[in-house]
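Structure record follows, encoded as structure tokens.
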There are 2 protein chains.
Amino acid sequence: MAKQLKKKIDQTTEEKIKIAARKLFTRKGFAAVKTRDIAEEAGINLALLNYYFRSKEKLFKLIMEESFLQFVKGIAEQFNDENTNIDEKIEKLVESYIDLFSQYPDLPLFILSELREHPDAFSSRLDAVTGISRSVFVKQIREAMKNGVYPEMHTFHFLANMMSLIVFPFIGSPMLMKITDISVKQYQEMIQERKKMIPIWIKAMLKSNAYKLIK
Amino acid sequence: MAKQLKKKIDQTTEEKIKIAARKLFTRKGFAAVKTRDIAEEAGINLALLNYYFRSKEKLFKLIMEESFLQFVKGIAEQFNDENTNIDEKIEKLVESYIDLFSQYPDLPLFILSELREHPDAFSSRLDAVTGISRSVFVKQIREAMKNGVYPEMHTFHFLANMMSLIVFPFIGSPMLMKITDISVKQYQEMIQERKKMIPIWIKAMLKSNAYKLIK
DNA sequence: AAGTATTTTAAACAAATGATTAAAACCAAT
DNA sequence: ATTGGTTTTAATCATTTGTTTAAAATACTT
């Protein structure tokens, strides 16, 4: 098998298709993307898509799998680091996710849409993530609450709030930019600012003692 | 023109189609929904869709328009109320949106996806919302910051944070439920809790003085 | 009840779309 | 150069899908 000894510098056809498919699927979703769109975007013959990936659906699942891993990779790593404390974990997580989404702004909406339409399609993968509730991070948080460092707060709220503050500005960027009347450049500056501000906000929320106050 | 004097109790065919279309479009988006799906869901003959709404696209735009108005209606109203202070506005806004999204959980993702793919399709409608930056609410916030009640924070961050905390738990519900291992019932309780907690958190974030701390 | 307008239906159409095929082009080794 | 494998291409196929048509059914008016 003399396999692509030629194109070592250039992208291989397989790569070109995957890159084009990832771009389009991530931006528009499975149903809105036609195989001919992918072929055109990749600059390849339509039949090559099936030659390399069998079907549109198989290609989509491949892209989805990779995107999903990219999405959750950071969590599993950071959440179980024994050598960092709560504050450090929050800072690292916020920074790495803001960097990731700055590079792939369509990624969050893509994953969350897919997860919403097919909640069970990734339950096996999510099991790896489910470990979150038993992660070092969550244990550290619970410990801190037990010791009175922070008031009580359900893990749901803590994780929801953290993810909210990180993810939403990417999902809602067109709306936020219109509403607040800022340029793309200003938007990107705001996003960068949030790397430092979100950890401060999270701590402020943790300390707010909201649970006692609502009773 | 003798127009439907019969079905005053029952849903009219037009309504049945709209209800079915809204349900499917909101859940799966334009491209993933087939006209035959809508017809089946509505329990009507396929041709009636075109008879009443001309085309799939016209029907979609109609649904989209209504959904969008539903989405932004609350903002315009609450934001320009001269008779409520900052705290009251936040409380009302949080409560009305959590109620809205509890009833229509797919609405936020639907709107935000559409806005992301076609940012200009609603710029005319958003202009009505753009008034937000000149709203009573934003003026009140800026005033409070000028008077030292709250430290400085860009409107972008304030609005982004508020919308984040409200909207994300709906967008990310499948993921959040899996990760935190809670039931649908528990999830709904958490969501209700947030009505009271989010205003507290927002105030805590406002007071956190994050801008000074990051310098 | 007859006549007229409106609504509904089954069938069909045309274009779009995912996939396949068979031949051509290409590549590396002999 | 020839061979044997791999990759690419143009053409074609079979379904799906949005829409239309013409007839049937229904509702309303006189």
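In what follows, every chain begins at residue 1, and chains take the letters A, B, ... in the order their sequences are listed.
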Round to the nearest Å and state the distance from [X] atom [atom1] to [N] atom [atom2].
{"X": "A:Ile17", "N": "D:dT7", "atom1": "CD1", "atom2": "P", "answer": "11 Å"}
{"X": "A:Tyr52", "N": "D:dT6", "atom1": "OH", "atom2": "P", "answer": "11 Å"}
{"X": "B:Lys16", "N": "C:dT8", "atom1": "NZ", "atom2": "C1'", "answer": "11 Å"}
{"X": "B:Phe53", "N": "C:dT7", "atom1": "CZ", "atom2": "P", "answer": "12 Å"}
{"X": "A:Gln11", "N": "D:dT8", "atom1": "CD", "atom2": "P", "answer": "13 Å"}
{"X": "A:Ile44", "N": "C:dG18", "atom1": "CD1", "atom2": "P", "answer": "13 Å"}
{"X": "A:Asp37", "N": "C:dA16", "atom1": "CG", "atom2": "C1'", "answer": "11 Å"}

B:Lys92 atom NZ, over 12 foreign heavy atoms within 6.0 Å:
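No, the 6.0 Å shell around NZ holds no more than 12 heavy atoms from other groups.
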What class does the angle between the rings of B:Phe25 and B:Phe30 fall in, given that below 30° is parallel, 30 to 60° is tilted and above 60° is perpendicular?
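Aromatic pair B:Phe25/B:Phe30 classed parallel.
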Salt-bridged, B:Glu66 to B:Lys18, with N to O below 4.0 Å?
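Judged by the 4.0 Å cut-off on N to carboxylate O distance, B:Glu66 and B:Lys18 do form a salt bridge.
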Under a 4.0 Å threshold between the charged nitrogen and the carboxylate oxygen, would A:Glu189 count as salt-bridged to A:Lys185?
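Counted as a salt bridge, because a side-chain N and a carboxylate O are separated by less than 4.0 Å.
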Short side-chain donor-acceptor distance under 3.5 Å, B:Thr84 and B:Lys89:
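Note: B:Lys89 and B:Thr84 side chains meet the donor-acceptor criterion.
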Using OP1 and OP2 only, check whether a side-chain N or O of B:Thr13 sits under 4.0 Å from C:dT8.
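Result: yes.
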Identify all pairs in which a protein N or O lies below 3.5 Å from an N or O of nucleotides 16-20 of chain D, and state each distance.
residue, atom, partner, partner atom, Å
D:dG18, OP1, B:Lys56, NZ, 3.0
D:dG18, OP2, B:Thr35, N, 2.7
D:dG18, OP2, B:Thr35, OG1, 3.0
D:dG18, N7, B:Arg36, NH1, 2.8
D:dG18, O6, B:Arg36, NH2, 3.0
D:dT19, OP2, B:Lys56, N, 2.8
D:dT19, O5', B:Asn50, ND2, 3.4

Test: ring-ring contact (aromatic ring centres under 6.0 Å, His included). Region: residues 161-184 of chain B. Which pairs qualify, not counting sequence neighbours?
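Found B:Phe101-B:Phe170.
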